[in-house]
Structures are given as C-alpha cells and as structure tokens.
Amino acid sequence: TRPSYGAGAGSGLLGVVREIVADSLVQHEAAGYPVDNAWRLLERGDAARAQFDYRTSYGWYQTAYQRATSLRPEKREK
C-alpha cells in the first residue's frame, strides 16, 4: 500500500514529520536555545496543512527544523 502523506489530522507521514519537528523544538527550548521563529514556521506549516497544501506544509516544517537546529551556539558563525 502507498503511504498516506497528509490525509487526516495526525495521520500519515506529514503528521510524523510535524511531531518530530515539534518534539525537536520542545527539546531545544528546554535546553535553553532560542526557537521562537521556528515555532512561527511550524504554525505556517500547520496552516498550509489545514488548507491541504501538503507540499508547502512540509517545506515550512523543514525550515522550522533547520532554523531550530542551526541556532545551537556551536553552529553559529564566529
């Protein structure tokens, strides 16, 4: 069977991607890293997903994850 990418709330691969991103944001926030902008990007992904625009939603989730993980001090330019 083909995987479901976005059908249904919380189901499909897009739901898994969203959960991974959200969990990562929570963990980075708990560690004291700033992730405010990444939360806004996650919300944009949620809005796109609500409009059944799964490709755009995935792009926002991807960007949110990248922004959160690149904010670590060891990855900043000096």
Side-chain angles (χ1 to χ4, degrees):
T1 61
R2 295 187 70 179
S4 170
Y5 290 94
S11 64
L13 296 178
L14 191 59
V16 172
V17 169
R18 192 219 182 273
E19 288 302 313
I20 291 169
V21 174
D23 287 346
S24 186
L25 295 181
V26 168
Q27 290 175 8
H28 278 79
E29 201 168 47
Y33 299 117
V35 295
D36 294 339
N37 189 40
W39 282 112
R40 287 192 292 274
L41 297 170
L42 184 75
E43 290 171 1
R44 287 184 179 184
D46 291 343
R49 186 174 176 197
Q51 296 295 318
F52 306 104
D53 187 352
Y54 302 127
R55 183 173 295 197
T56 300
S57 180
Y58 178 82
W60 285 119
Y61 293 160
Q62 180 181 31
T63 303
Y65 182 83
Q66 290 171 341
R67 292 279 172 88
T69 58
S70 69
L71 291 174
R72 295 193 317 244
E74 64 272 13
K75 291 202 170 191
R76 291 184 186 156
E77 291 185 28
K78 296 184 180 187

State whether the side chain of T63 and the backbone N or O of G59 hold a donor-acceptor pair below 3.5 Å, judged by distance alone. yes
[X]-[Y] co-clustered via ILVMFWY side chain contacts under 4.5 Å:
| X | Y | result |
| --- | --- | --- |
| V21 | V35 | yes |
| Y58 | Y65 | yes |
| L41 | V16 | no |

Calculate, to the nearest 0.5 Å, the distance between atoms OG1 and NE2 belonging to T69 and H28 respectively. 6.0 Å
For residues [X] and [Y], report the shortest heavy-atom separation together with the two atoms involved.
| X | Y | value |
| --- | --- | --- |
| Y61 | R49 | OH-CD, 3.7 Å |
| G45 | S57 | O-OG, 2.8 Å |
| L25 | A38 | CD2-CB, 3.4 Å |

